[in-house]
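I have placed the structure first, in the form of structure tokens, so that the comments after it can refer back to it.
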There are 2 protein chains.
Amino acid sequence: MRNKPLSVTIKDVAQLAGVSSATVSRVLAHQPHVTEKVRQHVLNAVNELHYQPNRVARSLRLQRANILGLVVADVQNPFFLAIVRAVEDIAIAHGYAVFLCNADEQVEKAKMYIDLMLAENVAGVIIAPSRAENDPCLACIEAGIPVVLIDRTLEDAQTDTVIVDNCQSAFRLVSHLIDDGYTRIGAIFGDLQVSTNRERRTGYEQALLTHNLPCAAELVRQGKPIQEVGYQLTCELLGLPEPPQALFCGNNLLTKGALQALHDRHLRIPDDIAVGAFDESDWTSLMQPALTVIAQPAYEIGTTATEFLLQRIRGDERPPREVVLNTAFHIRGSCAHHR
Amino acid sequence: MRNKPLSVTIKDVAQLAGVSSATVSRVLAHQPHVTEKVRQHVLNAVNELHYQPNRVARSLRLQRANILGLVVADVQNPFFLAIVRAVEDIAIAHGYAVFLCNADEQVEKAKMYIDLMLAENVAGVIIAPSRAENDPCLACIEAGIPVVLIDRTLEDAQTDTVIVDNCQSAFRLVSHLIDDGYTRIGAIFGDLQVSTNRERRTGYEQALLTHNLPCAAELVRQGKPIQEVGYQLTCELLGLPEPPQALFCGNNLLTKGALQALHDRHLRIPDDIAVGAFDESDWTSLMQPALTVIAQPAYEIGTTATEFLLQRIRGDERPPREVVLNTAFHIRGSCAHHR
DNA sequence: GTGAAAGCGCTAACAC
DNA sequence: GTGTTAGCGCTTTCAC
């Protein structure tokens, strides 16, 4: 085993400053009742020794680490990645480290990570699950740790939630397609156990109904929100006796699969089939033509959630809040007037 | 403040099993010299109480947490993201959590994170910096913590390194362009302080020299490896009196900027200009035409580095190793026979 | 206003 | 083979 050089402890500082470790602790915690002179001595000693408090010891003593847990369903999804960055930015600014957990669409992995976070005494947790399984998250609430949910709601969890208006956003996009003259609009969604996907489908259906168009069950498909499934579901739609004129993709990974399918069949966008999708990605504007999308305020979701969490950690006992953030609608070349 | 319910400690287990906490510790550490009968009693108690060792207390006691630090230059870069996933997978399998730090191309941020990691007693660190600044990383080595560098080498740091053969890979790609008949090949690279970028440029130059082509200084540009800079550098090349027939992009973010620039000027690939690039991204095969790229074995870099790090943590004192992994060359539609 | 001392949960040296 | 105990570095009563 490598031998780690001993680091400078609070005792070293106390000794150099000629006070007790209790006093050093008080000074660093910005507590009152410390003489200004003593305070200066302590601060000088801290600087001289480059003292950095041992976060582990503090965690053990306080039974709470200055760490925020963050569980996302898939870090490779740019939507979640933007959230990760936001949470990190805010957390760091408040002296918290972030324990990032990539559940990777697996409930067992999420559970394992949450147990790990609890064992690390995290101060609070932000969870952005993609599945309906709620067990892991509830464990945190049971453990008395503040929890903020993002991206989707959870029926059995009464806790702060930050989401977007999925239904309204989907309604807007599909309505736009209808206004462009498309009447036969296919749609692919992620698992319907997830509130997000249910709401997006509802928005899709309501748009059709509002414009007196039929909701053909054959035009709506759902599956695991990954690229391969997007590819397959799109192939199914294209194989229909009467294939759709336009396609609504309910998630950015499904979108990638769908585009791959259209590409492989040499279908031109929007001439052969129009496309509108949920989620902005860095390649959506690079495409030829660029993709019409609903952009979620991912970064803002992250910052809002983190601020809520920090409030709870500080002891805020208000009843749970649900914040609904606005999406942005970017109309680009992937849909145009039909025919 | 919320009051956290008391968690079950090693003492509770000891009491239920009718042994001392030391024995429980021994059983859980898989130490020998424990009667099978006692062992069973302890394990039963552990299961019954759902005991989970407090990782914080263990860290404090051992002066070393079961946490691996991972510092990447930019998590939004798919290359680093793949590494993140790899490190996580291996670490978790060995009972380690991962403390992910996104340096975000900022040395100060990297330094701050590294201080934080040291204060958290991480067992070891994997660093994938994008800048030449080496200070933060050296702090770990000084602190006696095992360090594995990935993606690039660091002259003043004698420590394990996992990289790819950037020079050879660039040589291969540029040679391919030359074989296709392109003689005037522009190139854009990230900062030349970074070994990776220097090597890629060397490969580019050697390919030209080997094929008896001139190395025109005007055709080579470098800057911060971000999309905006890629855009700008490409515009500069296109603005030359005699613009390049082909473009070699030395990094995936530069590539995105370059493609955006070509797109904005309505240049067709490969008819107007051919493109070859470093790094596979999820959109490179989605493009029309798909992009010819050198794919780095990002996941393998991550797994290799993590395995090295775990060996060092276990006390391996071998001299530092440098592993060079192979890249893959995917020839696609973005370059074709010239004229 | 400051110090002494206990103790967070765990491991490892030392008894027996 | 198992128990007793000290102590990791910190915060926080409780004295004075």
Side-chain angles (χ1 to χ4, degrees), chain A residues 1 3-43 45-46 49-67 95 118-123, chain B residues 1 3-43 45-46 49-67 95 118-123:
Chain A
M1 289 283 174
N3 47 344
K4 239 185 75 177
L6 298 165
S7 51
V8 27
T9 75
I10 199 170
K11 274 190 177 175
D12 302 323
V13 177
Q15 194 169 8
L16 181 61
V19 297
S20 76
S21 60
T23 302
V24 177
S25 178
R26 274 190 275 262
V27 169
L28 295 178
H30 301 106
Q31 283 183 25
H33 309 308
V34 182
T35 321
E36 182 57 25
K37 198 179 117 194
V38 172
R39 222 177 66 83
Q40 281 308 327
H41 279 164
V42 169
L43 292 178
V46 164
L49 298 175
H50 298 107
Y51 170 67
Q52 286 217 297
N54 182 318
R55 293 171 64 97
V56 177
R58 176 183 278 163
S59 298
L60 181 60
R61 176 62 228 236
L62 298 180
Q63 300 290 25
R64 183 164 57 66
N66 279 347
I67 300 179
L118 293 178
E120 292 278 3
N121 277 337
V122 296
Chain B
M1 289 285 173
N3 46 344
K4 239 186 73 178
L6 299 164
S7 51
V8 26
T9 76
I10 199 169
K11 275 191 177 173
D12 302 322
V13 177
Q15 195 169 7
L16 181 61
V19 298
S20 77
S21 60
T23 302
V24 176
S25 179
R26 275 189 275 259
V27 170
L28 295 177
H30 301 107
Q31 283 184 23
H33 310 308
V34 182
T35 321
E36 181 58 25
K37 198 178 118 194
V38 172
R39 223 177 66 83
Q40 281 308 327
H41 279 163
V42 169
L43 292 178
V46 165
L49 298 175
H50 298 106
Y51 170 68
Q52 288 217 295
N54 182 318
R55 293 172 65 97
V56 176
R58 175 184 279 163
S59 298
L60 181 60
R61 175 63 229 236
L62 297 180
Q63 300 289 40
R64 184 163 57 65
N66 279 347
I67 300 179
L118 293 178
E120 293 278 2
N121 277 338
V122 296

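The figures here come from the full heavy-atom set of this structure, side chains too, leaving out hydrogens, waters and symmetry mates. Chain letters run A, B, ... following the sequence lines, proteins first and then strands; every chain starts at 1.
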Does R58(B) make a side-chain N or O approach to OP1 or OP2 of dT11(C) shorter than 4.0 Å? yes
If I take atom CG in residue L62(B) and atom C1' in nucleotide dG9(D), what distance separates them, rounded to the nearest angstrom? 14 Å
Roughly, in whole Å, what's the span from CD in E120(A) to P in dG9(C)? 15 Å
Measure the spacing between CD of Q63(B) and CG of L60(B) and express it to the nearest 0.5 Å. 6.5 Å
Starting from C1' on dT11(C), measure out to CZ on R64(B) and report it in whole angstrom. 12 Å
Contact nearer the 5' end of DNA chain D, comparing A57(B) with R39(B): R39(B)
Roughly, in whole Å, what's the span from CG in L118(B) to P in dG9(D)? 15 Å
Roughly, in whole Å, what's the span from CG in D12(A) to P in dG9(D)? 9 Å
Neighbours of DNA chain C within residues 20-29 of chain A, by heavy-atom distance under 4.0 Å: S20(A), A22(A), T23(A), R26(A)
Kindly write out the residues that satisfy side chain to side chain donor-acceptor pair (under 3.5 Å) with T35(B), not counting sequence neighbours, or none if the list is empty. none
Between CG of N121(A) and CD1 of I67(A), what distance do you get to the nearest 0.5 Å? 8.5 Å
List the residues meeting side chain to side chain donor-acceptor pair (under 3.5 Å) with T23(A), not counting sequence neighbours, and say none if there are none. S20(A)
Show me the donor-acceptor pairs within less than 3.5 Å that the side chains of residues 8-16 of chain A make with the rest of the protein, sequence neighbours left out.
{"residue": "T9(A)", "atom": "OG1", "partner": "K11(A)", "partner atom": "N", "Å": "3.1"}
{"residue": "D12(A)", "atom": "OD2", "partner": "T9(A)", "partner atom": "N", "Å": "2.8"}

Salt bridge (charged side-chain N to carboxylate O under 4.0 Å, His left out) contacts touching residues 17-38 of chain B (sequence neighbours left out): E36(B)-R39(B)
Identify, residue by residue, the members of residues 30-37 of chain B with a heavy atom below 4.0 Å from DNA chain D, and return them in order of residue number, or none. H33(B), V34(B), T35(B)
On DNA chain D, more 5' by nearest nucleotide between V38(B) and L60(B) is V38(B)
With a 4.0 Å cut-off on heavy atoms, is V19(A) in touch with a base, just the backbone sugar-phosphate, or nothing at all? sugar-phosphate
Of the non-hydrogen atoms in A119(A) and P53(B), which two are nearest, and what is the gap between them? CB-O, 3.9 Å
Closest of dG9(C), dC10(D), dT11(C) to the Q63(A) side chain is dG9(C)
To the nearest 10 degrees, how far apart in direction are the end axes of the helix from dG1(C)-dC16(D) to dC16(C)-dG1(D), each fit to five base pairs? 50°
Whole-Å distance between dC8(D) C1' and N54(B) CG? 13 Å
Atom pair distance, as rounded to whole Å: CD1 in I10(A) and P in dC8(D): 14 Å
When the distance from CZ of R61(B) to P of dG7(D) is rounded to whole Å, what number comes out? 10 Å
Write out all pairs satisfying salt bridge (charged side-chain N to carboxylate O under 4.0 Å, His left out) with one or both partners inside residues 50-62 of chain B, taking only residues at least two apart or from two chains. E120(A)-R55(B)
